2 protein chains.
Amino acid sequence: MKNLTRILLAEDDINLGQLLHTFLKSKGFEVSLAQNGKIAFEKFNQQEYDFCIFDIMMPEMDGFTLAKEVREIDKKVPILFLSAKSMKEDKLEGFSIGADDYLTKPFAMEELLARITAILRRSETESEESENGEVQVGKIKYEPEYRLLHLKEGEKKLTTKENQLLQLLVKNQNEILDRNATLRAIWGDDNYFNGRSMDVYIAKLRKALKEDPAIEIMNVHGKGFKLIVK
Amino acid sequence: MKNLTRILLAEDDINLGQLLHTFLKSKGFEVSLAQNGKIAFEKFNQQEYDFCIFDIMMPEMDGFTLAKEVREIDKKVPILFLSAKSMKEDKLEGFSIGADDYLTKPFAMEELLARITAILRRSETESEESENGEVQVGKIKYEPEYRLLHLKEGEKKLTTKENQLLQLLVKNQNEILDRNATLRAIWGDDNYFNGRSMDVYIAKLRKALKEDPAIEIMNVHGKGFKLIVK
DNA sequence: GAAGGCGGTTAACGTTTTTTAACACCGAAA
DNA sequence: TTTCGGTGTTAAAAAACGTTAACCGCCTTC
């Protein structure tokens with residue numbers, strides 16, 4: 001059992017960012033610090049996180065937009081917002097996006113910690129917890145962590161992009177994975193060429209998974225792809 | 001035998017949405033969570049659901065409007081409303097639309113579960129079947145899940161649109177499938193061109209189903225289409 | 001520092017799915 | 001009974017997707 005909680009912290013203020021970073025690290029969390037929303041979103045798509053802390057006002061991409069993008073590809077990960085002023089409208093917008101909590105600067109470190117642990121405790125007991133590390137896709141064992149597919153003929157190592165795409169497909173099994181949202185999540189931009197690139201990866205994944213005929217990556221014309229296991 | 005009950009949950013409050021999602025999943029249901037009525041309606045038209053839970057107050061499209069749209073194309077699927085306050089008028093409106101039950105926030109998880117199972121038990125004995133996953137249309141076996149038609153000459157894979165349309169026709173067997181409601185459900189807009197497009201698909205489905213002469217897709221002038229099996 | 005491997009993108013070509021056009025016909029209403 | 005919107009059907013056009021291979025930049029290795 002892996003007991004490390006990974007936090008993605010998006011904060012443009014260097015001082016506060018460093019402070020939070022060291023504080024949370026001292027409390028046993030693994031923390032990634034991003035200077036703005038754009039970098040944070042890239043980091044988010046690089047690996048799994050158990051918790052997100054987003055400042056609202058940031059250059060490049062603000063916290064709300066960031067949260068929206070994150071929510072498009074992960075409906076579960078807890079998000080806590082940090083705001084400079086206590087704006088009621090902001091608060092509402094935050095929660096409608098799917099924020100789990102909200103803190104107004106300045107705040108006490110201990111209060112932040114209390115809220116994080118409260119939310120984590122709740123979401124852990126809620127979901128019985130993912131048992132992340134390996135997933136079963138039909139007859140094939142898949143370890144997203146190690147980008148590894150266990151096939152009959154041996155292990156197959158996936159590339160970064162193959163892995164990101166398969167992870168999203170698996171996470172949304174039996175549901176349509178929206179084409180444009182996926183492109184923004186993995187490629188950062190949903191233009192035509194990235195779309196074609198994604199199609200190439202779909203083809204690669206189909207080939208990699210063809211060992212089990214019960215697995216199908218189905219296209220839903222104009223919408224996206226859907227991983228189904230019969 | 002697949003015994004999975006699929007629930008469509010439309011709830012804009014992420015906290016409550018997640019809570020319900022995980023709770024219901026832990027009780028053995030498959031749950032799709034939609035952030036608002038519009039997304040929920042799209043999901044509803046993407047696949048079969050056995051049960052609907054709609055929050056009333058939502059952005060984009062409220063629960064009542066959603067229920068009305070759903071009822072236009074599916075008169076049977078159970079709908080349960082969630083409401084923030086106990087408004088008597090709402091209650092009435094809800095039931096007039098065809099709600100099966102009604103819960104006022106806050107409510108206990110167990111109560112929700114009890115009501116769901118009660119309604120499902122009732123509607124199952126009513127309709128004798130469901131046994132979802134495959135449907136018999138005349139002599140032809142149809143698997144909406146996999147967009148598959150089992151014909152004498154082999155399997156025929158339906159396209160996304162063919163499948164959506166056939167699903168609606170089957171769901172409303174021997175009833176008139178309203179032209180404009182269908183267009184809104186599948187195409188999102190009931191303009192002239194989409195109407196012509198739909199006519200093309202009707203022609204395709206007629207051709208696909210002509211193997212069994214007992215099956216007929218009949219036009220009801222100015223109203224819509226009706227699938228009849230003699 | 002040339003050669004090769006690797007991950008990823010772009011190009012090219014083929015196929016499928018969907019929309020639009022075109023023309024014929026039908027049916028309800030004036 | 002004429003008229004006009006609604007429908008039936010097929011074909012052509014357009015858009016989306018499937019797949020393979022060439023290509024490109026980067027890193028490693030010798």
Side-chain angles (χ1 to χ4, degrees), chain A residues 42 45-46 146-149 155-167 169 176-210 215-228, chain B residues 45-46 146-149 155-169 176-210 215-228:
Chain A
E42 279 164 20
N45 291 307
Q46 225 66 54
Y146 303 118
R147 315 198 313 207
L148 226 52
L149 230 39
E155 299 181 339
K156 179 174 171 55
K157 199 152 175 49
L158 299 176
T159 72
T160 310
K161 286 250 164 13
E162 287 170 346
N163 194 52
Q164 289 181 284
L165 187 51
L166 184 53
Q167 245 179 296
L169 283 167
I176 297 173
L177 186 60
D178 184 80
R179 189 177 172 90
N180 288 330
T182 307
L183 284 170
R184 287 196 300 277
I186 300 182
W187 277 265
D189 183 6
D190 59 3
N191 66 36
Y192 171 79
F193 288 106
N194 288 336
R196 292 328 318 277
S197 201
M198 171 165 142
D199 289 332
V200 171
Y201 280 96
I202 289 288
K204 289 180 182 184
L205 287 180
R206 279 183 179 136
K207 197 181 284 182
L209 295 171
K210 74 173 181 299
I215 300 173
E216 188 187 349
I217 299 178
M218 175 188 276
N219 172 257
V220 181
H221 198 96
K223 292 264 187 272
F225 294 95
K226 188 161 136 185
L227 174 68
I228 51 182
Chain B
N45 292 307
Q46 221 68 55
Y146 308 127
R147 315 198 309 204
L148 229 52
L149 228 41
E155 299 181 339
K156 180 176 170 55
K157 214 163 168 32
L158 298 177
T159 73
T160 308
K161 287 245 160 23
E162 287 169 348
N163 194 52
Q164 288 181 282
L165 187 51
L166 183 53
Q167 244 178 296
L168 287 189
L169 283 167
I176 296 176
L177 186 60
D178 183 78
R179 189 177 172 90
N180 288 329
T182 307
L183 285 169
R184 285 196 302 277
I186 300 182
W187 277 266
D189 183 7
D190 59 3
N191 66 36
Y192 171 78
F193 288 107
N194 288 337
R196 290 329 320 275
S197 203
M198 171 164 142
D199 290 331
V200 171
Y201 279 97
I202 290 289
K204 288 181 182 185
L205 288 179
R206 280 181 179 137
K207 199 180 285 182
L209 296 171
K210 72 175 182 300
I215 300 173
E216 187 188 349
I217 299 178
M218 169 190 280
N219 172 256
V220 182
H221 198 93
K223 295 264 187 269
F225 294 96
K226 189 160 131 184
L227 174 69
I228 48 184

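Just so it is clear: chains get the letters A, B, ... in the order the sequence lines come, proteins before strands, and each one is counted from 1. From a predicted model like this one, the values you see are computed outputs, not experimental measurements.
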Colleague: Return the set of residues passing salt bridge (Lys or Arg N to Asp or Glu O under 4.0 Å) with B:Arg196 (not counting sequence neighbours), or none when no residue passes.
Modeller: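 If we apply the salt bridge (Lys or Arg N to Asp or Glu O under 4.0 Å) test to B:Arg196, skipping adjacent residues, the hits are B:Asp199.
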Colleague: Taking only residues two or more places apart in sequence, or in another chain, which ones meet A:Glu162 in a salt bridge (Lys or Arg N to Asp or Glu O under 4.0 Å)?
Modeller: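 A:Glu162 satisfies salt bridge (Lys or Arg N to Asp or Glu O under 4.0 Å) with no other residue.
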Colleague: With sequence neighbours left out, what residues match A:Arg147 under side-chain hydrogen bond (donor to acceptor under 3.5 Å, both in side chains)?
Modeller: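 Applying side-chain hydrogen bond (donor to acceptor under 3.5 Å, both in side chains) to A:Arg147 gives A:Thr160.
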Colleague: Side chain of A:Asn45, backbone of A:Ala185: donor and acceptor closer than 3.5 Å?
Modeller: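 Yes, the answer is positive, given that a donor and an acceptor are paired below the 3.5 Å cut-off.
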Colleague: Do B:Gln46 and A:Ile176 make a side-chain contact, defined as non-hydrogen atoms from C-beta onward lying under 4.5 Å apart?
Modeller: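 B:Gln46 reaches A:Ile176 side chain to side chain.
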Colleague: Base, sugar-phosphate, or nothing for B:Asn219, non-hydrogen atoms under 4.0 angstrom?
Modeller: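 Counting heavy atoms under 4.0 Å across all strands, the contact made by B:Asn219 is with sugar-phosphate only.
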Colleague: Report, one line per pair, each donor and acceptor closer than 3.5 Å where one atom sits in a side chain of residues 218-228 of chain B; sequence neighbours left out.
Modeller:
residue  : atom : partner  : partner atom : Å
B:Asn219 : OD1  : B:His221 : N            : 3.4
B:Asn219 : ND2  : B:Gly224 : O            : 3.4

Colleague: Heavy atoms under 4.0 Å is the rule here; annotate nucleotides 18-30 of chain C 5' to 3' with B where the base is hit, S where only the sugar-phosphate is, and - elsewhere.
Modeller: BBBSB--------
Colleague: With a 3.5 Å distance limit and no angle check, can you tell me whether A:Asn194 reaches the backbone of A:Asp189 through a side-chain donor-acceptor pair?
Modeller: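 Pair found, side chain donor or acceptor close to backbone of A:Asp189.
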Colleague: Could you give the start and end, 5' to 3', of the contact zone on DNA chain D for chain A, using atoms under 4.0 Å from its heavy atoms?
Modeller: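 Taking any atom under 4.0 Å from a heavy atom of chain A, the span is D:dA16 to D:dT20.
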Colleague: Please work out if A:Tyr192 contacts a base, only the sugar-phosphate, or nothing of the nucleic acid, heavy-atom cut-off 4.0 Å.
Modeller: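 The answer is nothing, as A:Tyr192 stays clear of every strand by at least 4.0 Å.
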Colleague: Is there a donor-acceptor pair closer than 3.5 Å between any side-chain N or O of B:Thr182 and the backbone N or O of B:Asp178?
Modeller: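 Side chain of B:Thr182 to backbone of B:Asp178, a donor-acceptor pair under 3.5 Å: yes, one is there.
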Colleague: More 5' along DNA chain D: A:Gly224 or A:Lys207, using each one's nearest nucleotide?
Modeller: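 Comparing both residues, the 5'-ward one is A:Gly224.
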